[in-house]
Amino acid sequence: MLNVENLSFRTNQRTLLTQLSFEARAGELLAIVGPNGAGKSTLLKLCAGEQKPTAGTIALHATPLSAYSSKQLAQCRGMLHQQNTLAFPVRVHELVLMGRYPHYGAHPSPADYSIAAAALETVGMQSFNNRIVSTLSGGEQQRVQLARVLAQVWTIPNGLLLLDEPTTGLDLLHQHQLLDVARQMAQRGFAVVAVLHDLNMAAQYADQILMLRAGRLEAYGTPNDVLTASLVERVFGLPVKRLENPCHHCPLIVPVPTFSPAFTQ
Amino acid sequence: MATEQLFTDQPIARMPITRTGALPAVRRPWLLPVLVAGLLATVLVSAGVGAVFISPAEVLAMAGHHFGLAAAPDEMKTVILTTIRLPRVCLGLLIGSGLAVAGAAMQGLFRNPLADPGLIGISSGASLAAVCMIVLELTLFQQLGGLLGYYALSLVAFLGACGTTLLVYRLARVAGQSVVTTMLLAGIAINALAGALTGLLTYLATDDQLRTITFWSLGSLGGASWTTVLALLPFTGVVLVGLPRLAKSLNLLSLGESQATMLGVNLTGLKRQVIVLSTLAVGTSVAVAGIIGFVGLVIPHLIRLVAGADHRRVLIGSALGGATVLTGADALARTIVAPAELPIGILTALLGTPVFLWMLINERTRS
């Protein structure tokens, strides 16, 4: 569905991404992992069409992203950002309804309201619908923003869903519920691309993992193939042991840091 | 998250929609009708007060007579109403609504409830140009004055407003991709520069010129005539139609620039439209009535306190509120120290600040 070929991106005389090629397929969750500054968020922005590649192509449904209008893109791809700050005292239900803006002209239809309500229910925030968003906790705000993105792509049969570190600020339960929602979107024909920091969550939920370091593709494949102890150690600079996850059929990465004595005291 | 109940085996598009009406209705739906009623009442009263008092009933009777519905009213009062009062009321309506709606849109664009059209140099540019014309008495200005008479100052002020705004916008584009914060900073710099140059000219001015400058910078609707009203009407009309059309995009922009892009907002186009329309509204009003502060900053803020953050209501509410407040303030300005007239800029700030502070504290303690 989303085909990236030989993608490179330069800005301010710095090369952020070099010669990336991969595909995010419909029905699959692709996790992008890598150390800080590897270019994960930049890659997601390029996939979203927010920035233009310096070289290479990105095609959605076999059409280059550059051929879409911003309105057309808004009707087939949603993105949850890492940081969301609101300028005005927007209420929860207003925020979620904004996800429907690309789909209606002057006035929302009853269906738009229902979709917004259902999206809010999906993230378990329906009882907060009249609260001012900025008065919610960080994790609750993140869930409301997710509801907005879900409302945007709700009626699309096979859209693209991009999640930039979606679990940031969420508690354990909601981290897993969020990725469960992401998986369910994939099952409904979406291509889901998520930047994740937790390798074990990536191992548990992703169909494919793309590992980046310094803007280069280090590995791309199933969690089983990508998450080897040697590769993780090389990319992240941290010794790890790979175990078999006893509950799920996937690898479990356990860090075994060997910091200098000054840090371990 | 109640995912199990919602994400059943059916495709998302055909999910049963059960919770119709689960979302709350519009908050305080009475706001816009109340604002319209308040505006009409203010117009009636404002048209009546002055050296010769005309009661609202008489005003309505005159309007009725005009449409052949009522008996002929007092001849003299009709003349006062149509040649002096009504143009002034109309000018107040146009300027008030234009300033407030431009302020609301600017706050939306800068994603900051403290933004003001003055921030990007509209008012300071107009001042500088006007003070230049008053003080320097250049040949060019004099020829312009001979050509346009009274309106030369307005035209020069308007051009000054457009000039500085364009400069700020260009500077922001050079510094980055016209990022809103860069524009804000460029605006502050240009404002300081224009302020310094205006100060320099004020320093050079003669006593007579100083008086003109002072009155101009305090603002007044004293120059009202049907000609000024008709000159302003097309500009304010375009703004009052144009800015509310951008309400949805401004709502999305409140999520963040990047988030708004994801939802299909064309940022460059939106910025350009808001800036051009706001400059039109504020530039023309400064040109005709001098600098009237407070309205553009506070009216949108008050409307937001009552109506919430939705720009569809904030923009229209601000236009109505701004028109009401300025018309009312002008009525007060010309009666409070009669037979003299108080500059309206003084009055809007003097009366508005306590009201604003009271509402602000009231809202904070309630929530």
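Just so we're clear, the structure is a prediction, and the values are computed from it rather than from any experiment.
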S.K.: When you measure from the side chain of B/Lys248 to the backbone of A/Tyr101, do you find a donor-acceptor pair of N or O atoms at a distance under 3.5 Å?
M.R.: yes

S.K.: Side chain, backbone, both or neither: which part of A/Arg77 has a non-hydrogen atom closer than 4.5 Å to chain B?
M.R.: both

S.K.: So what's closer than 4.5 Å to chain B heavy atoms on A/Tyr104: side chain, backbone, both or neither?
M.R.: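 Both backbone and side chain.
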
S.K.: Non-hydrogen atoms of chain A under 4.5 Å away: do they reach the side chain of B/Arg304, the backbone, both or neither?
M.R.: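 For B/Arg304, the side chain is the part near chain A, not the backbone.
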
S.K.: Name the region of B/His301, side chain, backbone, both or neither, that has any atom closer than 4.5 Å to a heavy atom of chain A.
M.R.: neither

S.K.: Do you know which of A/Pro89, A/Ser69, A/Ala87 has the most heavy-atom pairs with chain B at a distance under 4.5 angstrom?
M.R.: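 Looking at each option in turn, the highest pair count goes to A/Ala87.
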
S.K.: Quick one: does B/Arg111's side chain have a donor or acceptor within less than 3.5 Å of a partner on A/Thr85's backbone?
M.R.: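 Yes, the answer is positive, given that a donor and an acceptor are paired below the 3.5 Å cut-off.
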
S.K.: What's the shortest heavy-atom distance between A/Ala74 and B/Leu263, and which atoms?
M.R.: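 A/Ala74 and B/Leu263 have their closest heavy atoms at CB-C, 3.4 Å.
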
S.K.: What part of A/Ile132 gets within 4.5 angstrom of chain B, counting heavy atoms only: side chain, backbone, both, or neither?
M.R.: neither

S.K.: Checking heavy atoms, do the side chain of B/Asn112, its backbone, both or neither come under 4.5 Å from chain A?
M.R.: backbone

S.K.: To check you understand the geometry: which heavy-atom pair defines the closest contact between B/Ser254 and A/Phe88, and what is its length?
M.R.: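 Closest pair (atom of B/Ser254, atom of A/Phe88, distance): CB-CD1, 3.8 Å.
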
S.K.: Is A/Gln72 in contact with chain B via its backbone, its side chain, both, or neither, using a 4.5 Å heavy-atom distance?
M.R.: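 For A/Gln72, no heavy atom lies under 4.5 Å from chain B.
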
S.K.: Using a 4.5 Å cut-off on heavy atoms from C-beta on, say whether the side chain of A/His81 contacts that of B/Leu255.
M.R.: no

S.K.: Where is the tightest heavy-atom contact between B/Asn251 and A/Met98, given as atom of each residue plus distance?
M.R.: O-SD, 3.6 Å

S.K.: Do the non-hydrogen side-chain atoms of B/Met262 and A/Ser70 ever get within less than 4.5 Å of each other?
M.R.: no

S.K.: I'd like to verify something: which residue of A/Gln83, A/Met79, A/Gln187, A/Arg148 has the highest number of heavy-atom pairs under 4.5 Å with chain B?
M.R.: A/Arg148

